[in-house]
Amino acid sequence: MAYWLMKTEPDVCSFDDIWKSPKRTTGWDGVRNYQARNFMRDEMQLGDEVFVYHSNAEPPGIAGIAEVASAAYPDPTQFDASHDHYDAGSTRDDPRWVQVDIKAVRKIPRFVSLDELRANPKLKAMRLLQRGNRLSITPVTPAEWRAILAMAGA
DNA sequence: GCCAACGTTGGC
DNA sequence: GCCAACGTTGGC
(Lines give C-alpha, C1' and ligand atoms only; values in the text may rest on other atoms or scores of the structure.)
Protein backbone atom coordinates (compact mmCIF):
# COMPACT_ATOMS: atom_id res chain seq x y z
CA MET A 1 0.00 0.00 0.00
CA ALA A 2 1.51 3.27 -1.13
CA TYR A 3 0.48 6.90 -0.87
CA TRP A 4 0.46 9.52 -3.60
CA LEU A 5 -0.34 13.14 -4.24
CA MET A 6 -1.90 14.02 -7.57
CA LYS A 7 -2.36 17.59 -8.78
CA THR A 8 -5.38 18.82 -10.63
CA GLU A 9 -6.62 22.24 -11.57
CA PRO A 10 -10.02 22.63 -9.93
CA ASP A 11 -11.26 24.75 -12.84
CA VAL A 12 -10.76 21.65 -15.00
CA CYS A 13 -11.47 18.82 -12.56
CA SER A 14 -11.92 19.48 -8.85
CA PHE A 15 -12.19 16.89 -6.08
CA ASP A 16 -15.93 17.57 -6.01
CA ASP A 17 -16.11 16.89 -9.74
CA ILE A 18 -14.57 13.47 -9.14
CA TRP A 19 -16.94 12.91 -6.21
CA LYS A 20 -19.92 13.65 -8.46
CA SER A 21 -18.70 11.43 -11.30
CA PRO A 22 -20.32 8.04 -11.95
CA LYS A 23 -18.98 5.63 -9.31
CA ARG A 24 -17.07 8.66 -7.98
CA THR A 25 -14.42 7.65 -10.49
CA THR A 26 -12.63 9.48 -13.27
CA GLY A 27 -9.85 8.60 -15.70
CA TRP A 28 -6.75 10.62 -14.83
CA ASP A 29 -5.89 11.58 -18.40
CA GLY A 30 -3.56 14.24 -19.68
CA VAL A 31 -0.33 13.34 -17.90
CA ARG A 32 2.46 14.22 -20.34
CA ASN A 33 5.52 13.93 -18.17
CA TYR A 34 7.63 10.78 -18.22
CA GLN A 35 8.37 10.69 -14.51
CA ALA A 36 4.70 11.01 -13.59
CA ARG A 37 3.77 8.43 -16.23
CA ASN A 38 6.31 6.00 -14.82
CA PHE A 39 4.81 6.32 -11.35
CA MET A 40 1.42 5.33 -12.77
CA ARG A 41 2.77 2.60 -15.03
CA ASP A 42 5.37 1.03 -12.77
CA GLU A 43 4.53 1.76 -9.17
CA MET A 44 0.86 2.46 -8.58
CA GLN A 45 -1.23 -0.41 -7.26
CA LEU A 46 -4.95 -0.83 -7.07
CA GLY A 47 -6.10 0.60 -3.74
CA ASP A 48 -3.15 2.95 -3.22
CA GLU A 49 -4.36 6.06 -1.46
CA VAL A 50 -4.18 9.50 -3.04
CA PHE A 51 -4.37 13.07 -1.87
CA VAL A 52 -6.11 15.15 -4.53
CA TYR A 53 -4.31 18.49 -4.66
CA HIS A 54 -5.72 21.64 -6.23
CA SER A 55 -3.08 23.56 -8.18
CA ASN A 56 -3.54 26.91 -9.89
CA ALA A 57 -6.18 27.51 -7.26
CA GLU A 58 -6.90 30.15 -4.64
CA PRO A 59 -5.70 28.83 -2.35
CA PRO A 60 -3.80 25.79 -3.58
CA GLY A 61 -3.93 22.76 -1.30
CA ILE A 62 -5.23 19.31 -0.51
CA ALA A 63 -8.93 18.94 -1.23
CA GLY A 64 -9.79 15.30 -0.64
CA ILE A 65 -8.87 11.65 -0.50
CA ALA A 66 -9.08 9.21 -3.37
CA GLU A 67 -7.74 5.81 -4.33
CA VAL A 68 -6.22 4.20 -7.37
CA ALA A 69 -9.10 2.32 -8.99
CA SER A 70 -7.45 0.67 -12.00
CA ALA A 71 -4.16 -0.51 -13.38
CA ALA A 72 -2.46 1.80 -15.87
CA TYR A 73 -3.93 1.77 -19.38
CA PRO A 74 -3.40 3.89 -22.51
CA ASP A 75 -4.68 7.46 -22.24
CA PRO A 76 -7.14 7.78 -25.15
CA THR A 77 -6.63 11.53 -25.50
CA GLN A 78 -3.16 10.97 -26.93
CA PHE A 79 -4.75 9.53 -30.10
CA ASP A 80 -7.35 12.27 -30.57
CA ALA A 81 -6.06 14.88 -33.02
CA SER A 82 -8.72 17.34 -31.90
CA HIS A 83 -7.66 17.08 -28.27
CA ASP A 84 -5.29 19.40 -26.42
CA HIS A 85 -3.29 16.42 -25.22
CA TYR A 86 -2.93 14.82 -28.65
CA ASP A 87 0.51 13.35 -29.25
CA ALA A 88 1.27 12.77 -32.93
CA GLY A 89 4.30 10.73 -31.95
CA SER A 90 2.33 8.07 -30.11
CA THR A 91 0.68 5.06 -31.74
CA ARG A 92 -1.99 2.59 -30.64
CA ASP A 93 0.50 -0.23 -31.08
CA ASP A 94 3.00 1.48 -28.83
CA PRO A 95 1.24 4.08 -26.71
CA ARG A 96 3.43 6.61 -25.03
CA TRP A 97 1.05 7.83 -22.29
CA VAL A 98 -1.01 5.97 -19.73
CA GLN A 99 -3.57 6.89 -17.12
CA VAL A 100 -5.20 5.25 -14.12
CA ASP A 101 -8.73 5.58 -12.81
CA ILE A 102 -9.06 7.57 -9.61
CA LYS A 103 -11.97 7.09 -7.23
CA ALA A 104 -12.90 9.70 -4.62
CA VAL A 105 -13.28 7.87 -1.31
CA ARG A 106 -13.45 10.43 1.45
CA LYS A 107 -14.16 14.11 1.90
CA ILE A 108 -11.98 15.81 4.47
CA PRO A 109 -13.36 18.06 7.22
CA ARG A 110 -10.79 20.76 6.50
CA PHE A 111 -9.05 21.81 3.29
CA VAL A 112 -5.29 21.88 3.92
CA SER A 113 -3.69 24.82 2.13
CA LEU A 114 -0.20 24.89 0.69
CA ASP A 115 0.72 27.52 3.29
CA GLU A 116 -0.28 25.14 6.09
CA LEU A 117 1.68 22.29 4.52
CA ARG A 118 4.77 24.49 4.35
CA ALA A 119 4.32 25.55 7.96
CA ASN A 120 4.37 21.97 9.28
CA PRO A 121 7.93 20.94 10.20
CA LYS A 122 6.98 17.26 9.76
CA LEU A 123 6.55 17.94 6.06
CA LYS A 124 9.87 19.67 5.48
CA ALA A 125 11.10 16.90 3.19
CA MET A 126 7.84 16.39 1.33
CA ARG A 127 8.40 16.15 -2.41
CA LEU A 128 5.58 18.56 -3.23
CA LEU A 129 7.20 21.29 -1.16
CA GLN A 130 10.70 21.11 -2.60
CA ARG A 131 11.94 24.10 -4.50
CA GLY A 132 11.00 24.11 -8.15
CA ASN A 133 8.88 20.99 -7.95
CA ARG A 134 6.43 20.78 -10.82
CA LEU A 135 5.78 17.07 -10.92
CA SER A 136 2.04 16.40 -11.08
CA ILE A 137 2.26 13.04 -9.32
CA THR A 138 4.51 12.61 -6.29
CA PRO A 139 4.93 9.88 -3.69
CA VAL A 140 3.86 10.61 -0.11
CA THR A 141 5.50 8.80 2.81
CA PRO A 142 3.34 7.12 5.48
CA ALA A 143 4.50 9.69 8.04
CA GLU A 144 3.57 12.55 5.71
CA TRP A 145 0.23 10.91 5.01
CA ARG A 146 -0.56 10.67 8.72
CA ALA A 147 0.54 14.24 9.42
CA ILE A 148 -1.66 15.60 6.66
CA LEU A 149 -4.65 13.50 7.73
CA ALA A 150 -4.33 15.06 11.17
CA MET A 151 -4.24 18.55 9.64
CA ALA A 152 -7.34 17.73 7.63
CA GLY A 153 -9.19 16.54 10.72
CA ALA A 154 -9.61 13.15 9.08
C1' DG B 1 0.25 38.79 -15.63
C1' DC B 2 4.93 37.80 -14.02
C1' DC B 3 8.56 34.87 -13.73
C1' DA B 4 11.55 31.06 -11.64
C1' DA B 5 12.29 26.43 -12.36
C1' DC B 6 12.34 22.70 -15.05
C1' DG B 7 11.54 19.53 -19.21
C1' DT B 8 11.89 19.00 -24.13
C1' DT B 9 13.54 19.92 -28.70
C1' DG B 10 16.68 20.30 -32.25
C1' DG B 11 20.89 22.28 -34.47
C1' DC B 12 25.51 21.38 -34.45
C1' DG C 1 26.28 14.58 -26.48
C1' DC C 2 26.08 19.59 -25.65
C1' DC C 3 23.36 23.38 -24.86
C1' DA C 4 20.48 27.40 -26.36
C1' DA C 5 15.88 28.23 -27.27
C1' DC C 6 11.47 27.38 -26.27
C1' DG C 7 7.27 25.69 -23.81
C1' DT C 8 4.98 24.54 -19.50
C1' DT C 9 3.95 24.60 -14.61
C1' DG C 10 2.21 26.82 -10.90
C1' DG C 11 2.84 30.02 -6.96
C1' DC C 12 2.52 34.68 -6.22
Side-chain angles (χ1 to χ4, degrees), chain A residues 2-21 26-44 48-68 72-104 106-141 143-145 147-154:
Chain A
Y3 301 107
W4 304 95
L5 181 143
M6 299 174 80
K7 296 181 187 175
T8 181
E9 301 191 17
D11 290 350
V12 179
C13 177
S14 69
F15 180 76
D16 276 345
D17 291 336
I18 305 171
W19 188 267
K20 291 175 195 154
S21 297
T26 191
W28 204 267
D29 61 25
V31 171
R32 294 294 181 271
N33 170 282
Y34 289 106
Q35 228 179 323
R37 177 204 67 182
N38 293 348
F39 282 140
M40 290 195 290
R41 190 190 60 189
D42 304 334
E43 298 193 36
M44 276 189 181
D48 279 0
E49 296 196 85
V50 177
F51 283 133
V52 175
Y53 176 91
H54 285 176
S55 61
N56 270 323
E58 187 50 53
I62 289 169
I65 296 170
E67 68 180 21
V68 175
Y73 60 96
D75 175 347
T77 65
Q78 71 195 301
F79 307 123
D80 179 354
S82 69
H83 201 282
D84 275 354
H85 297 303
Y86 177 61
D87 183 349
S90 181
T91 65
R92 288 180 188 275
D93 286 344
D94 187 18
R96 183 175 291 168
W97 305 111
V98 300
Q99 66 184 68
V100 294
D101 289 343
I102 292 295
K103 177 176 185 175
R106 187 147 56 123
K107 296 197 180 195
I108 52 178
R110 285 192 296 106
F111 179 89
V112 182
S113 72
L114 178 59
D115 283 347
E116 293 175 81
L117 294 172
R118 288 198 192 284
N120 187 338
K122 290 180 181 168
L123 303 177
K124 230 181 167 62
M126 193 176 175
R127 184 83 170 262
L128 172 77
L129 305 180
Q130 300 314 300
R131 178 187 174 80
N133 169 68
R134 300 187 331 193
L135 202 54
S136 65
I137 299 175
T138 50
V140 174
T141 68
E144 290 164 352
W145 183 269
I148 294 168
L149 280 187
M151 297 170 83

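Per chain, numbering begins at 1; letters A, B, ... match sequence-line order. Every heavy atom of this structure was used, including side-chain atoms; hydrogens, water molecules and symmetry mates were not.
Under 4.0 angstrom from either OP1 or OP2 of C:dT9 there lies no side-chain N or O belonging to A:Y53. For the pair A:K7 and C:dT9, the criterion of a side-chain N or O lying under 4.0 Å from OP1 or OP2 is not met.
Distance A:Q130 CD to B:dC6 P: 11 Å, rounded to the nearest Å. With rounding to whole Å, A:N56 atom CG is found 14 Å from B:dG1 atom P. When the P atom of B:dG1 is taken as reference, atom CD of A:E58 falls 16 Å away, rounded to whole Å. Atom-to-atom, CE of A:M6 to C1' of C:dT9 comes out at 16 Å; the value is rounded to the nearest Å. Rounded to whole Å, atom C1' of C:dT8 lies 14 Å from atom CG of A:N133. Between the CZ atom of A:R134 and the C1' atom of B:dC6 there is a distance of 4 Å, given to the nearest Å. What separates CD1 of A:I137 from P of B:dC6 is a distance of 19 Å, to the nearest Å. One interatomic measurement links the two molecules: CG of A:N33 to C1' of C:dT8, which rounds to 11 Å at whole-angstrom precision.
When the nearest nucleotides of DNA chain C are assigned to A:H85 and A:D115 by heavy-atom distance, the more 5′-ward of the two goes with A:H85.
One side chain, A:T77 or A:R32, offers a donor N or O that lies under 3.5 Å from an acceptor on the other.
Interatomic distance, A:M40 CE to A:Y73 OH, rounded to the nearest 0.5 Å: 9.5 Å.
Counting distance only, with no hydrogens placed and no angle test, the side-chain atoms of A:R32 and the base atoms of C:dT8 include no donor-acceptor pair under 3.5 Å.
Of the listed nucleotides (B:dT8, C:dG11, C:dT8), B:dT8 has the atom at the smallest distance from the side chain of A:Y34.
Tested against A:F15 for a side chain to side chain contact (heavy atoms under 4.5 Å, CB included), the candidates A:V52, A:I62, A:I65 yield a single pass: A:V52.
Pairing each heavy atom of A:P95 with each of A:F79, the nearest pair is CB-CZ, 4.0 Å.
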